[in-house]
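Notes for the one structure printed next.
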Amino acid sequence: MLYWLLKSEPDVFGYPDLVRVGKEPWNGVRNYLARNYLRQMVAGDLCLIYHSNAKPNGVAGVARVVRAAYTDNLQFDPESAYFDPKGLPDNPRWSMVDVSPVLAFPTLLTLDALRGLLEWADSPLTQKGTRLSVIPVTAEQFRAALEAVGLELEQLSAAST
DNA sequence: GCCAACGTTGGC
DNA sequence: GCCAACGTTGGC
């Protein structure tokens with residue numbers, strides 16, 4: 001089982017939206033490193049959903065990968081903001097995964113709070129200038145994030161069926 | 001293959 | 001709204 005952090009802008013699509021829809025294709029990732037991480041995901045991986053460009057920024061909840069990487073068709077749609085003229089149907093350039101909500105954090109785990117956790121000191125999230133939108137998370141980082149809002153791993157398995 | 005210019009991200 | 005940092009593009 002691997003852990004990840006996915007950024008979203010709550011004004012566009014935040015954790016409450018994920019809860020509302022129940023399942024969401026995580027499309028629109030147009031960065032090669034982020035895409036490569038998406039392609040490493042397998043169903044069952046857990047993701048921290050992070051709100052950026054928010055007040056305040058932070059992790060709002062946990063989601064689960066419910067479908068491994070497949071073609072992000074927005075790359076073929078000229079009407080889409082995510083259209084990529086170089087994304088050829090027989091050799092797609094961009095991928096997405098499906099995620100579903102698992103558990104909302106009882107309180108937002110703010111960026112400031114994350115910076116206060118030793119485990120997160122070397123994460124791209126807390127380093128200046130990093131704009132990666134899909135970030136690998138270690139088991140230690142994941143556990144520390146849960147603990148910081150008073151949750152335990154076992155509660156995730158209880159919440160997920 | 002280099003690198004300047006540009007567009008975007010994202011914290012503040 | 002500002003701006004630093006970064007990735008991408010395109011001219012050469």
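Per chain, numbering begins at 1; letters A, B, ... match sequence-line order.
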| query | Separation of A:Asp112 atom CG from B:dG11 atom P, in whole Å? | reply | 11 Å
| field | A:Lys128, nearest nucleotide to its side chain (from C:dG7, C:dA4, B:dG11) | value | C:dA4
| field | A:Asn31 CG to B:dG7 P, straight-line distance once rounded to whole Å | value | 19 Å
| Options B:dC12, B:dT8, B:dG10, nucleotide nearest the side-chain atoms of A:Lys7 | B:dG10
| Is any side-chain N or O of A:Asn53 closer than 4.0 Å to OP1 or OP2 of B:dG10? | no
| query | Is A:Arg115 touching bases, backbone alone, or none of the nucleic acid, heavy atoms closer than 4.0 Å? | reply | sugar-phosphate
| said: Distance check needed: C:dG7 P versus A:Leu33 CG, whole Å only. | reply: 8 Å
| request: Rounded to the nearest angstrom, tell me the gap between atom NE2 in A:His51 and atom C1' in B:dC12. | output: 19 Å
| task | Mind checking side-chain contact (heavy atoms from CB on, under 4.5 Å) for A:Leu46 and listing every partner two or more places apart, or none if nothing turns up? | result | A:Met1, A:Tyr3, A:Val62, A:Arg64, A:Val102, A:Phe142, A:Leu156
| request: Fit a plane to each ring of A:Phe13 and A:Trp26, take the angle between them on a 0 to 90° scale, and name the class: parallel (under 30°), tilted (30 to 60°) or perpendicular (over 60°). | output: perpendicular
| message | What I want to check is whether the side chains of A:Asp77 and A:Tyr82 have a donor and an acceptor closer together than 3.5 Å. | response | no
| Looking only at side-chain N and O atoms, does A:Tyr32 come under 4.0 Å of OP1 or OP2 in C:dC6? | no
| note | To the nearest angstrom, the CD1-P distance between A:Ile135 and C:dC6 comes to 13 Å
| task | Using atom CG of A:Leu125 as one end and atom C1' of C:dA5 as the other, report the distance to the nearest whole Å. | result | 15 Å
| note | Smallest heavy-atom separation, A:Leu151 atom then A:Pro106 atom, equals CD1-CD, 3.8 Å
| said: Rounded to whole Å, how long is the line connecting atom CG of A:Leu114 with atom P of B:dG10? | reply: 15 Å
| message | Rounding to an integer number of Å, can you tell me how far A:Leu6 CG sits from B:dT9 P? | response | 16 Å
